[in-house]
Amino acid sequence: MRGDWLAQLPKALGTLALGALASVALGQQKLDIAPRATVAIRDARLVPVSGDVIERGTIVIRDGKIAAIGPTAAIPSGAQVIDGKGLTVYPGMIDAATSLGLVEIPAVAATVDQGEVGDYNPNARALVAINPHSAHVRVTRYNGITTVATMPDGGVICGQATLINLYGTSPQEMAVVPSLGLVINFPRLNLGGGGPFAAFRQPPPSNLAEAIATRNRRVEELRQVMREATDYARAKEAAAADPKIPRPATNVVYESLLPTLRGETPAFFRADRAQDIRAALAFAEDMGIRPIIVGGNEASACAAELKAKGVPVILTGVLDLPSREDDPYDMLYENAAKLHRAGVKFCISTGDNGAHVRDLPYHAGMAAAFGLDPREALRAVTLSPAEALGISDRLGSLEVGKMANIVVADGDLLEPRTRVKYAFIDGRPAQLTSRHTELYEQFKERK
Amino acid sequence: MKSRLALWRLTLAVVAATVACPTGLRAQQKSKATLIKNATLLTVTKGALDNSDLLIENGKIAKIGKGLSAPDGARVIDATGKYVLPGIVDCHSHSMLDAVNEGSLSVTSMCRIRDVLNPNDVDLYRALAGGVTTLNLLHGSANAIGGQNQVVKIKYGRPIEEFLFPDAPPGIKFALGENPKRSNFRFPGQTQRYPNSRMGVEETIRDAFVRARDYKRQQDDYAAAKARGENVPPPKRDLQLEPLVEVLEGKRHVHAHCYRAEEILMLMSLAEEFGFRVRTLQHVLEGYKIAREIAKHGAGASAFADFWSYKVEAYDAIPHDAALMTRAGVVVSLNSDDDGRARRLNMEAARVMKYGDLTETEALRLITINPAIQLGIDQRVGSLEVGKDADLAIWTAHPLSVYARVETTFVDGEVFFDRQADLAQREALAKERAELEAAEVNRPQGGGAPPPLPARRRPAYRAGDNCMQITKE
């Protein structure tokens, strides 16, 4: 692998003009097939997130990784050099809970591959349905987001999430973690609502006791599915150990639950209300699975439990309206600050299904306007999601040896006015053209 | 069981009303003068004034300058390091409406938004907390010709009469494309309705104006006959056509929901044929493709900053839309069309800056003076100028920064949002809420979780009848 790369290096360097790196570079979109580059960005402000800001320094990427970073990092001979004066280098942002690539236009059913029929689909894998050529991919990375977790939705067990880089010509090229974990819409009390359209909305319960019983029944059903999978695994083990015991017929649904039941992958529980979060935590403990809360609008009400159990929360509602009339107007804006003060592990996500994942920095910025330290806000969309997803050894900060997912901006990454000038994903220069820039270039000429 | 739920809802409603509208704020005297000192005044029309003062008297901006002295009894606010922005004008809102669409007909010009206003909608308070003071309340987009609009000042909690924007020109909602042809609202059992295509949308509007023109002729003939002293019976009143006659006479503004370039061209040319001008194109996400023609027609454009891809007609939307139309000479504003987004229209303005090189002032215009011009209320609001209404907000940082937060919002010189007052009563309210939740009367029979929350009001709006489709939720 490394040998191949070295052999290709001279050719790669030859074809890699700085123009090809240029981001806001105009012109047509090219396929994401650039080779890994050796690039040094010098005299830039470096924000590693994992450590102190380097006001003026150099970062070197090579072989897809960060090779050096520091005030006086040596520039390898033959490296493309980018003058970073006036620019700031950040780790690429990570949105830990999207459906990017599964939905193009929500109103058009044919473009929606977000959920399966039925309540229990642990074997539905997001990765296989990702559209690498979705217009959302480039619109998102234009704003400095380089990696997203993409999750299925619908039913109770929605399927397997995947973690992708926003670069590549196939889902497999994009994949960082093909199967990231199980996504579960934890059964909640039906209080009515349930979607924007009256025709599909559930009526509110006429009887609260009945609503609670229904919720409990659904939780038991979920528990039953997981127990059956556990039994299935035991039966398989027993058959493997003793040839006299018949091997159970292969069951793909149970098979796909096993990595989570064995603790190899986490379970993402979508839950917003305190009572639902608590119920999900208890359920996960009972089943011996590793929970991550997605949503978390009322997570600060169960901060003590979350902290004690070390369960991370992926906040997806920072910019949502509070659900109750008497909630403080800034309840969700300041949710992140409250969790931070309480010592809960959290990160910030858009929770969006694709087109507006590019708003991620503004979600973090809003949390900062309402009490979260701006450095923590940046961390909440870089290193913290990497930690929550268990990939902080590879992503989330500017550290030697980490995957070279970096963005170079002309200002504070969380400010809407800031422009991303260059982006590298897996050490490859990522074009910052998109459907939007192309239409802009075409029509600005029509005077 | 049912009565317990009702009681719970009542108590919650009481809490809600108290939370959202601090009594201290309600009590403030209208006549009290306020001097805001040492702020950066973002006047919008006359640049940014550093370390300057602004005096509010009798609900108006009385003075702007440096080193102003406070009249006797005036409240003095030290705004050192802070920014003052005119109250944001949201040119497309469905807030405080108990109904949004009369969707049973394709022409509902007889319906009035004025009749369905709810002054206690808590989202109004949340909008104030985002520095918004004026709303253009529009009928939904289900119909080619929708209902009559209402422009309001957000006098949250006051009687409806106090909301009505004085002398705002009346308007009416039109809608083109997927929504009036109901492309995305087809459910089992739902009857289909004319129009079903963009051809039918054009014809529906044309038919209505042909009828309105005839009706106007009848009215004119009647008036002429009366003037001649003839004793003739008046024509039968037609409440559907009356507002359209006002459009023909230039007395009522057309605010037209639209997306695709060709439907925008269609409407503008139809309007020209009937002798009126479209006042604002709403959404107008493909306006950038025909910016020249929009400028020539003289329509304003009220767009989203960068909302896109939620339906087919929004797939060619680009965040450069506002900038390209601005450069073509169109008066452009950014609107929310959504109570969530209304709370951060300053961020919408900041977002479009990086697409197409708008200046700070141009970006601020998009949410202040430009929508005021579009609504015909710019003589009163939209900029910080002496003599204008004291509708403004104090921000902790430049409102085009993501780190900015509103401290205080004034409408007609009165405080309708104040962060410190809001924070000061939270503990007491949380305690009251906890007590209510714990009260035996509010517990469900046999224990268990507290009863369900009251459903949000305005189910019609939540039903996706606003101009977007709800993509998240």
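Throughout, protein chains are lettered first and strands after them, A, B, ... in sequence-line order, and every chain is numbered starting at 1.
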Picking from [options], which has the most non-hydrogen pairs under 4.5 angstrom with chain A?
{"options": "R344(B), M347(B), R327(B)", "result": "R344(B)"}
{"options": "S183(B), S401(B), A397(B)", "result": "S401(B)"}
{"options": "D321(B), L423(B), I290(B)", "result": "I290(B)"}

Between [X] and chain B, which part of the residue has a heavy atom less than 4.5 Å away: side chain, backbone, both or neither?
{"X": "A377(A)", "result": "neither"}
{"X": "T418(A)", "result": "backbone"}
{"X": "V139(A)", "result": "side chain"}
{"X": "E104(A)", "result": "both"}

Should [X] and [Y] count as an ion pair when the cut-off is N to O under 4.0 Å?
{"X": "R417(A)", "Y": "E415(A)", "result": "no"}
{"X": "E178(B)", "Y": "K181(B)", "result": "no"}
{"X": "R426(B)", "Y": "E334(A)", "result": "yes"}
{"X": "K431(B)", "Y": "E427(B)", "result": "no"}
{"X": "E298(A)", "Y": "R324(A)", "result": "yes"}
{"X": "D330(A)", "Y": "R419(B)", "result": "yes"}

Check each atom of [X] against the heavy atoms of chain A and say whether the ones under 4.5 Å are side chain, backbone, both or neither.
{"X": "A314(B)", "answer": "neither"}
{"X": "A404(B)", "answer": "backbone"}
{"X": "E360(B)", "answer": "side chain"}
{"X": "N346(B)", "answer": "neither"}
{"X": "R343(B)", "answer": "both"}
{"X": "D306(B)", "answer": "both"}
{"X": "E293(B)", "answer": "side chain"}

Using a 4.5 angstrom heavy-atom cutoff, name the option from [options] with the most pairs to chain B.
{"options": "H436(A), M366(A), R358(A)", "answer": "H436(A)"}
{"options": "P374(A), A355(A), A135(A)", "answer": "A355(A)"}
{"options": "P416(A), A364(A), S434(A), G354(A)", "answer": "P416(A)"}

Would R341(B) and F304(B) count as a cation-pi pair here, with the cationic atom under 6.0 angstrom from the ring centre and within 45° of the axis? yes
Should the pair [X] and [Y] be assigned to parallel (<30°), tilted (30 to 60°) or perpendicular (>60°) ring geometry?
{"X": "H320(B)", "Y": "Y440(A)", "result": "parallel"}
{"X": "F417(B)", "Y": "Y125(B)", "result": "perpendicular"}
{"X": "Y310(B)", "Y": "F307(B)", "result": "parallel"}

V420(A) and L413(A): CA distance, side-chain angles, deciding distance, side chain to side chain contact (heavy atoms under 4.5 Å, CB included) verdict: CA-CA 8 Å; V420(A) 172; L413(A) 196 57; 4.2 Å; yes
